[in-house]
2 protein chains.
Amino acid sequence: MTHQRTVPAELPSCPVETTLTLIGNKWVVLVLRDLADGALRFSQLQRSIGGISQKVLTQQLRAMEANGLVTRTVYAEVPPRVEYALTELGHSLKPVLDAMREWGEGYKKHVAG
Amino acid sequence: MTHQRTVPAELPSCPVETTLTLIGNKWVVLVLRDLADGALRFSQLQRSIGGISQKVLTQQLRAMEANGLVTRTVYAEVPPRVEYALTELGHSLKPVLDAMREWGEGYKKHVAG
DNA sequence: TCCAATAGTTTCTTGAAGGTTGCTACAGCA
DNA sequence: TGCTGTAGCAACCTTCAAGAAACTATTGGA
């Protein structure tokens, strides 16, 4: 079994820190961003994130599945098809993603301006 | 010169990713959280974050200063006093922090319930 | 005279994160 | 007959982040 960074049994008292235990990783945020509009299969996800290796994407998806952020659906076809989708918990992070997107837009204007 | 994780010259096209280049690090988020209510000196910050070494806190603060998120004010006293405070840019991240805090609160209730 | 206190820096070491390559299963198709 | 494509796993290696511990400057005060 490889390392799976799942949430600790005892959550931090600070809610901001609690959130960080689930989405304190860059890749996790990008997966959430790309699955927000609907399910994607593994290779689509890898392409849309860009610059992530197969191994790391697999690791992150496994951890996210263990944390209840995504579901993994395997279709018994050849070649195999595996789809990842956000759970309700995963979708519930939308406000955080939206705040990050909005801030990023403002920052880019600020820098460009 | 040690590694300073400053924002790259060319920002990612995705605004979410842009935000991650500035606050994609757990420690940075915790510093923002603790300076939100006002300036703190180095040792206060280290205590309030908890579990961060002197070296790492120094590194993070230097990077945040280079990125324009915090200011560093040295008072010519003995023993020395150094205060860190959020810049306007640092304060502008409040909505992101708030979204994280709110989500963390909901998540804790969800887990506890 | 020497200690305390602050905010570091420096060096050494460990652990985690990530990259690369090779391997697998198996139906369909040329 | 052998090639293609998907979604991995395993092993190996490199790089980077982080931790620990020792060291520094300064000077008022015991």
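Computed from a predicted structure; not experimentally measured. All values below come from the heavy atoms of this structure, side chains included, with hydrogens, waters and symmetry mates left out. Lettering of chains follows the sequences in order, A, B, ..., and the numbering in each one begins at 1.
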Inset, instruction - Round to a whole Å and report the spacing from CG of Leu45(B) to P of dG8(C). - result: 10 Å
Inset, instruction - Side-chain contact test, heavy atoms from C-beta onward, threshold under 4.5 Å: evaluate it for Val7(B) versus Leu22(B) and give yes or no. - result: yes
Inset, instruction - Report yes if some heavy atom in the side chain of Leu61(A) is under 4.5 Å from a heavy atom in the side chain of Glu65(A); otherwise report no. - result: no
Inset, instruction - Mind checking Tyr84(A) for me? I need base, sugar-phosphate or nothing, with any heavy atom below 4.0 Å counting as a touch. - result: sugar-phosphate
Inset, instruction - Could you encode protein contacts along nucleotides 20-30 of chain D as a string, one character per nucleotide from 5' to 3', using B for base contact, S for sugar-phosphate-only contact and - for no contact, with a heavy-atom cut-off of under 4.0 Å? - result: B-----BB---
Legend entry - Under-4.0 Å side-chain N/O to phosphate OP1/OP2 contact, Arg81(B) with dA5(C): no
Legend entry - Between dA7(C) (C1') and Glu65(B) (CD): distance, integer Å: 14 Å
Inset, instruction - For the residue pair Arg101(B) and Thr19(A), establish whether any side-chain heavy-atom pair is separated by less than 4.5 Å. - result: no
Inset, instruction - Would you jot down, in residue-number order, the residues of residues 19-43 of chain B having a non-hydrogen atom under 4.0 Å from DNA chain D? - result: Trp27(B)
Inset, instruction - Rounded off to whole Å, could you give me the CD-to-P distance for the Glu77(B) and dG8(C) pair? - result: 14 Å
Legend entry - Side-chain touch Leu69(B)/Leu93(B), heavy atoms, less than 4.5 angstrom: yes
Legend entry - Nearest-angstrom distance from the residue atom CD of Gln46(B) to P of dA18(D): 14 Å
Inset, instruction - Identify, with sequence neighbours excluded, every residue that meets side-chain hydrogen bond (donor to acceptor under 3.5 Å, both in side chains) alongside Glu88(B). - result: none
Legend entry - Between dT6(D) (P) and Leu61(A) (CG): distance, integer Å: 17 Å
Legend entry - By side-chain hydrogen bond (donor to acceptor under 3.5 Å, both in side chains) - contacts of Lys94(A) (at least two apart): Asp98(A)
Legend entry - Rounded distance in Å - CD (Gln59(A)) to P (dG8(D)): 13 Å
Legend entry - Separation of atom CG in Leu57(B) from atom P in dA17(D), rounded to whole Å: 16 Å
Legend entry - Pairwise ring pair (Phe, Tyr, Trp, His ring centres under 6.0 Å) hits with a residue in residues 82-113 of chain A, at least two apart: Trp103(A)-Tyr107(A)
Inset, instruction - Sequence neighbours left out, what pairs pass side chain to side chain donor-acceptor pair (under 3.5 Å) with at least one residue falling in residues 29-39 of chain B? - result: Glu17(A)-Arg33(B), Asp34(B)-Ser48(B)
Inset, instruction - Could you point out which residue of Asn67(A), Val96(A), Val31(A) forms a side-chain contact (heavy atoms from CB on, under 4.5 Å) with Ile23(A)? - result: Val96(A)
Legend entry - Whole-Å distance separating the CD atom of Glu83(B) from the P atom of dA7(C): 9 Å
Inset, instruction - Kindly say if Gln60(B) contacts the phosphate of dA18(D), meaning a side-chain N or O under 4.0 Å from OP1 or OP2. - result: yes
Inset, instruction - Output yes when at least one side-chain N/O atom of Arg47(A) is less than 4.0 Å from OP1 or OP2 of dT6(D), else no. - result: no
Legend entry - Contact under 4.0 Å: Arg72(A) side-chain N or O vs dA7(D) OP1/OP2: no
